[in-house]
Undergrad: 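Okay, here's the structure, questions in a sec.
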Number of protein chains: 2
Amino acid sequence: MTTSTPGGTTSTQRTRLTPEQRRSQLLDLGVRLLATRSLDELSIDLLAEEAGISRGLLYHYFGNKHDFHEAVVRRAADDLIAQTAPPVDGEPMVRLTTSLTAYVDYVSANYEGYLSLVKAAAGGNETLREIYEEAREALNGRVFRPDAQSEIVPDTPATRLVVRGWSAMTEELVLSWIADPSGLTRDELLEVLASSLLAIMATVPGLPES
Amino acid sequence: MTTSTPGGTTSTQRTRLTPEQRRSQLLDLGVRLLATRSLDELSIDLLAEEAGISRGLLYHYFGNKHDFHEAVVRRAADDLIAQTAPPVDGEPMVRLTTSLTAYVDYVSANYEGYLSLVKAAAGGNETLREIYEEAREALNGRVFRPDAQSEIVPDTPATRLVVRGWSAMTEELVLSWIADPSGLTRDELLEVLASSLLAIMATVPGLPES
DNA sequence: TCACTCTATTGACGCATTTTCAATAACGGA
DNA sequence: TCCGTTATTGAAAATGCGTCAATAGAGTGA
């Protein structure tokens, strides 16, 4: 004799949203929660409670915990790329500076979102790393110019490598600076970032004069 | 009727080690296994099987899975610091170069161990990050000189920040270079790393002439 | 205003993995 | 050779992920 009355005495009050609203809510929440915790420190229980939903609903929208994480990271990455797009034309260095400024301001404004992205990259599986790599590549690619000779940096294996390094430095600098801005103003930070790209490039052996 | 004969027919053969030996074995194994998997992809079952022990024993030595992870990361960090210690005296730049060389060679030789350290840092909880921070700090500190005026870089908030950035670049460059060494020889890489530290420092505003 | 349909949402169950703990057996000393 | 200490075990409890049939909001047509 199986009494099947889910809910029991106190019938729970449901709030029914459109799929897009719910999905969006969950992703936003995920970005926030995953900025400070790692994935396995985040229980579905907590997530569901914070969102005010049942555990089951998460599985309706995202297949499982990892897929959810992936979706969260992808949202953070897309957001980053979209909001830091460089201007289509102008002087190369001006374009770079503009893009850099947008990057610094974006990370300042979306510290949590950016952290969930970065953390996922190092800690996570192949897919997560790919999402991060893609975002990183999109940012790095702005340093090179597919067209014309107006590129800031010549495109060789060595410079590709070094730009990766500069990119890592930029990320670390911006995150650390936000955590403790004493020592540099925002503009000084930007100046250091832009100048150091050129300065570092000058140390790479065997490059044609720019 | 509860037959309580653990082991059943085939009595298992135990190998009894001293606590230090066992701890060491488990940590080494952990470093190796966590280089390619993330913590939740590593089951205690697998770990126990690889080590040739029962699941229970792991909990005797390390309280739980996370504590084990922490111990693994701490070992990797200690190892790194010990093996890349700079010479006690000599020209500042020579000491730096020596230490840098040791760093590059260490990461080359211990790619897996270094990866478990780095992955843990970014992906993990507060404690893990602290362990990484500590190691990073120990490495960065070598750029500054607590004594005398023979320091390579003056010690100010701004330079502290920038050295962090340079350090992140170094890590990224070395890891990427190991993954794909085309483009630069080992010596060229070292040259780029050392020179770029100076080059980047030159871009920091408001520093006394060195 | 009232069925009626569609589907967002739920809660309990099944399963895998972690964690606990009393029982067991290897080693060293007398 | 016996004995005590403690490294080690295995089974059972606890915890957390994932599934699924059942439930209830919200719009629609009469």
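All heavy atoms count here, side chains included; hydrogens, waters and symmetry mates do not. Quick caveat: nothing in here was measured; it's all calculated off a predicted structure. Per chain, numbering begins at 1; letters A, B, ... match sequence-line order.
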Undergrad: Over how many whole Å does the gap from A:Asp45 atom CG to C:dT10 atom P extend?
TA: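 Those two atoms, CG and P, are 13 Å apart.
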Undergrad: Between A:Tyr59 and B:Gly56, just flag the one whose closest nucleotide in DNA chain D comes earlier from the 5' side.
TA: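 The 5'-side residue here is B:Gly56.
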Undergrad: From C-beta outward on A:Lys65, which listed nucleotide comes closest to its side chain: D:dA7, D:dC17, C:dT9?
TA: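 The nucleotide sitting nearest to the side chain is D:dC17.
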Undergrad: Between D:dT23 and A:Arg14, counting only base atoms on the nucleotide and side-chain atoms on the residue, is there a donor-acceptor pair under 3.5 Å?
TA: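 Present.
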Undergrad: Decide whether B:Arg55 and B:Tyr59 meet the rule of one side-chain donor and one side-chain acceptor closer than 3.5 Å.
TA: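 Checked: B:Arg55/B:Tyr59 side chains show no N/O donor-acceptor pair below 3.5 Å.
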Undergrad: Check every atom of D:dC17, D:dG25, D:dT6 against the side chain of A:Ser43 and return the nucleotide holding the closest atom.
TA: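 Ranking D:dC17, D:dG25, D:dT6 by closest atom to the A:Ser43 side chain puts D:dC17 first.
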Undergrad: Can you measure A:His60 atom NE2 to D:dT23 atom C1' for me and round it to whole angstrom units?
TA: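 Checked: the NE2 to C1' distance equals 14 Å.
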Undergrad: When the distance from CG of B:Leu42 to P of C:dA16 is rounded to whole Å, what number comes out?
TA: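 Whole-Å distance recorded here is 19 Å.
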Undergrad: Report, as yes or no, whether the 6.0 Å neighbourhood of atom CD on B:Glu41 holds more than 12 heavy atoms from other residues, nucleotides or ligands.
TA: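 Counting neighbours around CD of B:Glu41, more than 12 heavy atoms of other residues, nucleotides or ligands fall under 6.0 Å, so yes.
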Undergrad: Looking only at heavy atoms, what is the nearest atom pair of B:Val153 and B:Phe144, with distance?
TA: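 So the minimum-distance heavy-atom pair works out to O-CD2, 3.3 Å.
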Undergrad: May I have the distance from B:Leu57 (atom CG) to C:dA22 (atom P), rounded to whole angstrom?
TA: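 Checked: the CG to P distance equals 18 Å.
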Undergrad: Measure from the side chain of B:Ser54, starting at C-beta and using heavy atoms only, and say which of D:dT9, C:dT19, D:dG18 lies closest.
TA: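 Comparing D:dT9, C:dT19, D:dG18 against the side chain of B:Ser54, the answer is D:dT9.
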Undergrad: Taking for each residue the nucleotide of DNA chain C bearing the nearest heavy atom, is the 5' side occupied by B:Thr15 or by B:Asp40?
TA: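 Between the two, 5'-proximity favours B:Asp40.
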Undergrad: Of the nucleotides D:dG18, C:dT9, D:dT8, which has the atom closest to the B:Tyr61 side chain?
TA: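 For B:Tyr61, the side-chain atoms sit closest to D:dT8.
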Undergrad: Can you find an N or O donor on one side and an acceptor on the other, under 3.5 Å apart, linking the side chain of A:Arg16 with the base of C:dT7?
TA: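 Between C:dT7 and A:Arg16, which were checked side chain against base, a qualifying N/O pair under 3.5 Å is present.
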Undergrad: Send over the distance from B:Glu49 CD to C:dT18 C1', rounded to a whole Å.
TA: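 Between C1' of C:dT18 and CD of B:Glu49: 17 Å.
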Undergrad: Can you tell me how far C1' of D:dT9 sits from CZ of B:Arg22, to the nearest Å?
TA: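 Going from CZ in B:Arg22 over to C1' in D:dT9 covers 12 Å.
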Undergrad: Rounded to whole angstrom units, what separation is found between the CG atom of A:Leu17 and the P atom of D:dG27?
TA: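 Rounding to the nearest Å, CG of A:Leu17 and P of D:dG27 are 12 Å apart.
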Undergrad: Mind checking B:Leu58 for me? I need base, sugar-phosphate or nothing, with any heavy atom below 4.0 Å counting as a touch.
TA: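 Nothing: the residue B:Leu58, judged by heavy atoms under 4.0 Å, touches no strand.
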Undergrad: For the side chain of A:Asn64, counting heavy atoms from C-beta on, which of D:dG18, C:dT7, D:dT9 is nearest?
TA: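 The nucleotide sitting nearest to the side chain is D:dG18.
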Undergrad: Would you kindly give the CD-to-C1' distance between B:Gln21 and D:dT6, to the nearest whole Å?
TA: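 That distance rounds to 15 Å.
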Undergrad: Would you say CD of A:Gln83 has more than 12 non-hydrogen atoms from neighbouring residues, nucleotides or ligands within 6.0 angstrom?
TA: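 Enclosed: over 12 neighbouring heavy atoms sit under 6.0 Å from CD of A:Gln83.
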Undergrad: Less than 3.5 Å between a donor and an acceptor, one on the side chain of A:Arg55 and one on the base of C:dT10, is that the case here?
TA: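 Side chain to base: no pair below 3.5 Å.
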Undergrad: Going through the distances and angles, do A:Arg142 and A:Thr84 end up as a side chain to side chain donor-acceptor pair (under 3.5 Å)?
TA: CA-CA 11 Å; A:Arg142 295 169 181 171; A:Thr84 61; 3.0 Å; yes
